K.L.:
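Pasting a structure here, questions to come.
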Amino acid sequence: MKKYLSNYGGEVRKMKVTFLGHAAVLITEIEGKYNIIIDPFLTGNPAYPKDFELPKIDYVLVTHGHGDHVGDTVEICQKNGATVIANFELSDYLQKKGCKVHPMHVGGVYYFEFGKVKLTPAIHGSGIHDGENVIYGGNPCGFLIKAEGKVLYHAGDTGLTKEMELIKDVDLAFIPIGGNFVMDVDDAITAVDMITPKNVVPIHYNTWEIIKADPEKFKVEVEKLGVNCLIMKPGETIECKEL
Ligand code: NI
Ligand code: MN
């Protein structure tokens, strides 16, 4: 099978990944200078590391319209002049809120200055709660990012889906395990079996009681599949050259 995300970028230099709790992932010093954040749910996120200071953000990638993923997107854009990367409908909404946007859609690829981004399918909702109204937020997605020669995958909020079989050659995957709204541990193990990333980080669990899950059980089972599992604490950083 042809690679779903062909080569892009060279060797890893300084790129680092920091988990900020729930589904928020910060990727810094890409090519030594670009900082991007995925699903920046900071304000009101019980898992956000206290006193953590965000660096200047260049791009905000948003998987879908739910509040625990859009989070502080508008504020980050206002403060940093950052550009949102999201599906067309969510981009349209965020543009009306004053953000610079780069609309994409599921299956689409674009080469940004920091790397290559592809939107992957996610089985979920994306309605945006704005006051009394729920605004259509387009299809939810995940992100495949290739930068500095490494492939990172953030699944977004999703149930288990056969489409994950198309996602290959991933160096670091962020996979939801908390159940109820997304895959539970058992389905997340099946997802990892399909994707077989080199490394996996469980996300979207234990933020609230309703998404309680045991990351240790997940780790034991995925490591039987030959996948290295990193249970990242909020605020923890990994150097991508070590992946
Ligand atoms: Ni959601
Ligand atoms: Mn969510």
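In listed order, ligands and their atoms are each counted from 1. Values in this document were obtained by computation on a predicted structure and should not be read as measured data.
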K.L.:
Rounded to the nearest 0.5 Å, what separates atom CG in Leu230 from atom NZ in Lys219?
P.N.:
6.5 Å

K.L.:
Could you tell me whether the side chains of His105 and Asn139 share a donor-acceptor contact shorter than 3.5 Å?
P.N.:
no

K.L.:
Kindly check if the number of other-residue, nucleotide or ligand heavy atoms within 6.0 Å of CZ (Phe52) is above 12?
P.N.:
yes

K.L.:
For the Mn ion (ligand 2), what is the number of protein N, O or S atoms at a distance under 2.8 Å?
P.N.:
4

K.L.:
Given His204, which of His69, His124, His154 fulfils the ring-ring contact (aromatic ring centres under 6.0 Å, His included) condition?
P.N.:
His69

K.L.:
Got a donor-acceptor contact below 3.5 angstrom from the Thr18 side chain to the Gly235 backbone?
P.N.:
no

K.L.:
Is the backbone of Leu243 close enough, under 3.5 Å, to the side chain of Lys150 for a donor and an acceptor to pair up by distance?
P.N.:
yes

K.L.:
I'd like to know if the side chain of Asn80 reaches the main chain of Ala82, judged simply by a donor and an acceptor atom lying under 3.5 Å from each other, with no hydrogens or angles considered.
P.N.:
no

K.L.:
Please list, in chain and residue-number order, the protein N/O/S atoms closer than 2.8 Å to the Ni ion (ligand 1).
P.N.:
His64 NE2, His66 ND1, His124 NE2, Asp157 OD2

K.L.:
Just checking, is any N or O donor in the side chain of Thr28 or Asn35 under 3.5 Å from an acceptor N or O on the other one?
P.N.:
no

K.L.:
Please tell me whether Thr83 and His102 have a donor and an acceptor in their side chains that are separated by less than 3.5 angstrom.
P.N.:
no

